[in-house]
Amino acid sequence: FQSHTLIHSLKYIMNVYESSRASILKTFRKTENPIHLVMDSESVKLISVLFSRSELLELFQIVTFQVLEKKELSHETCVTMNCILFLRPTPSKIRFVQNEISQRRKQFSSYQVHFTNILDITALDQLARADAYEKISHITQVYCDHYVIHSSLFITNPSHGHKILH
């Protein structure tokens, strides 16, 4: 009896899919303005497993998407839109965010910056110094640096090119 109760309890505690989804739901903030979502090639895989495009629109008002490695961030002015940056905390992505927020011209109304793992304190200080025009409304670390395969199965360190064998 106790073994069955423990397994039944673990079923709800160990659901990686629901846990990852809940992390994003708590992190992304819906705003009055439509949102442009910018991701890197790693984080787009994570988001696409957890949410459909229609869910992102309904839950957060995300109307446009962009993957950094596919093309440069559009430099069209969209001051009526907010921007969510959901990126791995690599030096190149941190430099990208620094360059984006340090420009005087206002491309988006505000920026929510979310990194998929731990952000070094030095990088956080660099971002704070670069945000002279106070464009960042939120900055967080979301511990979702993994791919969810199933409710109880995930792959860590996705950038290492792990392959799933069938």
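Every heavy atom of this structure was used, including side-chain atoms; hydrogens, water molecules and symmetry mates were not.
No side-chain heavy atom of V142 sits under 4.5 Å from any side-chain heavy atom of N117. Taking the side chain as every heavy atom from C-beta outward, T90 and F115 never approach each other to under 4.5 Å. In this structure, the side chains of K93 and L85 stay at 4.5 Å or more apart for every pair of heavy atoms. Proximity of L37 to Q66: side-chain heavy atoms (C-beta onward) are nowhere separated by under 4.5 Å. Between I35 and V63, every side-chain heavy-atom pair lies at or beyond the 4.5 Å cut-off. T31 is listed as a side-chain neighbour of Q112, based on a closest heavy-atom distance under 4.5 Å. With a 4.5 Å cut-off on side-chain heavy atoms, F65 and I47 do not count as touching.
The pair R21-E55 counts as a salt bridge, with a side-chain nitrogen and a carboxylate oxygen less than 4.0 angstrom apart.
Judged by distance alone, the side chains of D120 and T122 do bring a donor and an acceptor atom under 3.5 Å apart. For the residue pair T27/H114, the side-chain donor-acceptor check at 3.5 Å is not satisfied. Side-chain N/O atoms of N82 and S110 include a donor and acceptor closer than 3.5 Å.
To the nearest 0.5 Å, the span separating OG on S102 from CD on Q126 amounts to 12.0 Å. A distance of 6.5 Å separates CG of N33 from OG1 of T80, quoted to the nearest 0.5 Å. Atom CD1 in I139 sits 8.5 Å away from atom CG in D131 (nearest 0.5 Å). The line from OG of S109 to CD of E32 is 10.0 Å long, rounded to the nearest 0.5 Å. Between the OG atom in S20 and the CG atom in L46 there is a gap of 6.5 Å [rounded to 0.5 Å]. A distance of 10.5 Å separates CZ in F96 from CD1 in I101, rounded to the nearest 0.5 Å.
If you chain together hydrophobic residues whose side chains sit under 4.5 Å apart, Y133 and I94 never meet in one group. In terms of hydrophobic clustering, with Ile, Leu, Val, Met, Phe, Trp and Tyr side chains grouped at heavy-atom distances under 4.5 Å, L59 and I84 are assigned to a common cluster.
The minimum heavy-atom distance linking P89 with I118 is given by the pair CG-O, 3.5 Å. Nearest heavy atom pair, residue Q98 against residue L127, reads CG-CD2, 3.7 Å.
Here the two rings, on F86 and F28, have centers that are under 6.0 Å apart.
Between the side chain of S43 and the backbone N or O of M39 there is no donor-acceptor pair closer than 3.5 Å. Side chain of D40 to backbone of L87: no donor-acceptor contact under 3.5 angstrom is found.
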>> Go through it in stages, so that I can follow the logic: the residues are L68 and S41, the test is side-chain contact (heavy atoms from CB on, under 4.5 Å), and I'd like the CA-CA distance, side-chain angles, deciding distance and then a yes or no.
In response: CA-CA 7 Å; L68 279 183; S41 61; over 6 Å; no

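A side-chain hydrogen bond (donor to acceptor under 3.5 Å, both in side chains) with Y111 is found for exactly one of K135, H36, E100, namely E100.
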